[in-house]
Amino acid sequence: MNVVIIGASFGGISAALQTRKKHPQATVILLEKTSSLGYLPSGLNLLLSGSISSLDEAYFMTAKELKEKGIQVYLDTEVRRVDLKEKSVVCATDSGSDVYRYDKLIVAAGSTPYSHKIIGTQSTKVLTYKQRAQAEEAWGVIQRSRHVAVIGGGQAGIEAAEALHENGKQVTVVESMDNVLFKSFDSEMIQPLQEEMIRKGVDLKFHRAVTAIEEQGEQLVLHLGDESAVCDAALLSVNVRPDLAFLDGQLPLNVDGTLMVDEYLRTEDLDVFGVGDCVQTPFPLTGESFYMPLANNAVRTGMTAAENLMEPVRPFVGSVRTVAAQAFGWYIASTGLTEAETQFYARPVRVHHKETKTSMLPDAETVHLKYITDADTEVLLGVQLISKENILQAINTFALAVQTEQPMDTLTGKEYFFQAGFTDLVDVTNLEHPFERG
């Protein structure tokens, strides 16, 4: 069996590794259009923050490691056309072109920033940084800039804003919604982070959409409706979308340009699978599917597609949209529904706020929690955390509870370890207990 995988980032690599594990006799071919694979899209932020000293360190996997597992890797190989009838993939390479035949095809082509509504993004001072080559160019421009605007206040944008600030740059963040990270946090929960950003001199522009970017001499002018903002360079941290032009309309797409797939990640052609940023992700709490280009979704869909190559045995469970980050001195995490989203939930809900300590020591930090439950069943629907202490791992427990529809009494009575120097008297994930503060 020949399995061809288009794209070698989180989704493609996880699909290749799981295919090799489940089908040791299969020929696994991984095609990547860039000159390397396994690059971390956050590499530029890691470099700016000093977490790494070079972009050479921003990789989670190498071609050598994959080849050692018997996976054929072809870099600098850009897919130009897929022929579903012939079951072939036509690619452009440095030496001309190649054709790869497949029995099963996994499309993990990734995504690119979606900014066609903004005029002027072709400027060399308008920066994207998801790929290694883009990050290298962006690094050079940023080093020569004093004032950098970040377009988009999502997780990538906020992390970029902090990294730029730590590098002594003047930073402006432009966000069209009411607050940063609006998809994962309600406004009162993210307010401490925003206040810290303002205190450190970050210019937050909410309810603004960049309609055009214009070069004026050495500077950029961002047009924001009735006003404008001037900077030296701009980072695009807007929504991403898959580029599936090589399919040439042979397979149905959703309105957002993603592949239509079933619960086993099969397309209309049952020998072709879509994973990662190329597909929508079911959101079980509302029964709908959304575009959720998260690394954890890419890895899990890649593994699931590999499980279903021969027959549909493992449906993809979907996502409760678990995210976590550290920025401007705050650790933030979220999973499941926000309060703003409960209007799309079919039943009444209850919203709870609480505070707890990270340990019993006098200097212990406070954890602020917000959690949402079904008003009738008390099933946990969503949790948001924010603290000065690193409590990010706690969100994994909450994510599992939301995903498996656990009621409150399960979390209240779950077992935990206690050690006064490391924990409070009751664990932060035991949501209701007699020692609550606040």
Side-chain angles (χ1 to χ4, degrees), residues 10 40-43 45-46 48-52 58 60 153-163 165-166 179-197 237 292-300 319-338 352-361 363-372 380-404 406 411 414-419 421-424 426-431 437:
F10 298 109
L40 292 168
S42 59
N45 289 347
L46 294 172
L48 284 167
S49 67
S51 300
I52 58 176
F60 66 91
Q155 181 174 342
I158 296 309
E159 290 175 342
E162 182 188 39
H165 174 267
E166 293 299 316
N179 52 268
V180 299
L181 295 153
F182 73 93
K183 291 183 178 179
S184 301
F185 295 88
D186 292 308
S187 58
E188 81 278 12
M189 289 298 292
I190 208 64
Q191 191 64 30
L193 171 62
Q194 291 181 174
E195 290 175 355
E196 184 64 15
M197 294 176 72
S237 292
M292 301 183 200
L294 301 173
N296 57 36
N297 288 340
V299 170
R300 294 186 302 122
S319 172
V320 291
R321 199 186 53 218
T322 303
V323 299
Q326 188 276 332
F328 294 94
W330 287 98
Y331 292 88
I332 56 175
S334 172
T335 190
L337 286 176
T338 63
H352 314 255
H353 286 268
K354 66 171 286 188
E355 293 182 355
T356 188
K357 293 288 186 178
T358 54
S359 77
M360 296 192 70
L361 299 182
D363 60 349
E365 294 287 353
T366 299
V367 184
H368 304 271
L369 300 97
K370 179 177 184 177
Y371 55 100
I372 299 165
L380 189 65
L381 301 174
V383 178
Q384 299 166 49
L385 307 173
I386 182 167
S387 177
K388 289 285 188 175
E389 186 75 20
N390 186 354
I391 40 72
L392 299 185
Q393 282 294 332
I395 204 66
N396 289 328
T397 297
F398 289 129
L400 181 61
V402 172
Q403 187 179 48
T404 56
Q406 296 297 318
L411 285 167
K414 78 170 188 60
E415 188 172 358
Y416 56 91
F417 89 93
F418 168 69
Q419 211 287 339
F422 298 97
T423 68
D424 198 3
V426 179
D427 186 67
V428 66
T429 56
N430 290 64
L431 286 176
R437 295 173 172 86

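Numbers for residues simply follow the sequence, beginning at 1. What you see is a predicted model, and the numbers here were worked out from it, not measured in a lab.
- In this structure, Ile158 and Ala327 approach most closely via the heavy-atom pair CG2-CB, 3.8 Å.
- Annotation: side chain of Gln194 is in contact with side chain of Gln191 (closest heavy-atom distance under 4.5 Å).
- A distance of 8.0 Å separates CG of Asp427 from OH of Tyr416, quoted to the nearest 0.5 Å.
- Ring geometry for Phe10 versus Phe60: interplanar angle under 30°, hence parallel rather than tilted (30 to 60°).
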Practice prompt. Begin from the C-alpha positions of Thr358 and Lys388 and carry the test side-chain contact (heavy atoms from CB on, under 4.5 Å) through to its verdict.
Written response: CA-CA 10 Å; Thr358 54; Lys388 289 285 188 175; over 6 Å; no
Practice prompt. Could you please spell out the steps behind the side-chain contact (heavy atoms from CB on, under 4.5 Å) verdict for Thr429 and Lys414?
Written response: CA-CA 9 Å; Thr429 56; Lys414 78 170 188 60; 2.7 Å; yes
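- Panel note: side chain Asn430, backbone Leu411; a donor-acceptor pair is recorded below 3.5 Å.
- Here the closest heavy-atom approach between residue Leu48 and residue Ala163 is recorded as CB-CB, 3.5 Å.
- The two residues Phe185 and Ile332 have their closest heavy-atom pair at CZ-CB, 3.7 Å.
- Atom OG of Ser387 sits about 9.0 Å away from atom CG of Leu369, to the nearest 0.5 Å.
- The shortest side-chain heavy-atom distance between His353 and Met189 falls under the 4.5 Å cut-off.
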Discussion item. Show, in sequence, the C-alpha distance, side-chain angles and deciding distance for Val367 and Glu389, and conclude whether the side-chain contact (heavy atoms from CB on, under 4.5 Å) test is met.
Written reply: CA-CA 8 Å; Val367 184; Glu389 186 75 20; 5.8 Å; no
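- Atom OG of Ser49 is separated from atom NE2 of His165 by 14.0 Å, given to the nearest 0.5 angstrom.
- Using modelled atom types, one finds a donor on one side chain and an acceptor on the other under 3.5 Å when comparing Thr404 with Gln406.
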Practice prompt. In sequence, state the C-alpha distance, the side-chain angles, and the governing distance for Val402 and Leu400, and then conclude on side-chain contact (heavy atoms from CB on, under 4.5 Å).
Written response: CA-CA 5 Å; Val402 172; Leu400 181 61; over 6 Å; no
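- Remark: side-chain polar atoms of Arg321 are paired, donor with acceptor, to backbone N or O of Lys183 under 3.5 angstrom.
- Looking at Glu365 and Tyr331, their side chains never come closer than 4.5 Å, going by heavy atoms from C-beta outward.
- One side chain, Asp424 or Thr356, offers a donor N or O that lies under 3.5 Å from an acceptor on the other.
- Here the side chain of Glu162 pairs a donor or acceptor atom with the backbone of Phe328 at under 3.5 angstrom.
- Residues Ser334 and Ser184 have side chains that never bring a donor and an acceptor to within less than 3.5 angstrom of each other.
- Side-chain contact between Lys354 and Tyr371 is present, with heavy atoms from C-beta onward closer than 4.5 Å.
- Across all their heavy atoms, Ile52 and Gly43 have their closest contact at CD1-O, 3.8 Å.
- Between Lys357 and Thr366 there is a side-chain heavy-atom pair separated by less than 4.5 Å.
- Using a 4.5 Å heavy-atom cutoff, the side chains of Gln155 and Leu181 are in contact.
- Side chain to side chain, Gln384 and Asp186 meet the donor-acceptor criterion of an N or O pair below 3.5 Å.
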Tell me which donor-acceptor pairs under 3.5 Å the side chains of residues 390-399 have, and how far apart each pair is, sequence neighbours excluded?
| from | atom 1 | to | atom 2 | distance (Å) |
| --- | --- | --- | --- | --- |
| Asn390 | OD1 | Leu392 | N | 3.2 |
| Gln393 | OE1 | Asn396 | ND2 | 2.9 |

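- For the pair His352/Ile372, no side-chain contact is recorded, criterion being any heavy-atom separation below 4.5 Å from C-beta on.
- Side-chain contact between Ser319 and Arg300: present, with at least one pair of heavy atoms (C-beta onward) separated by less than 4.5 Å.
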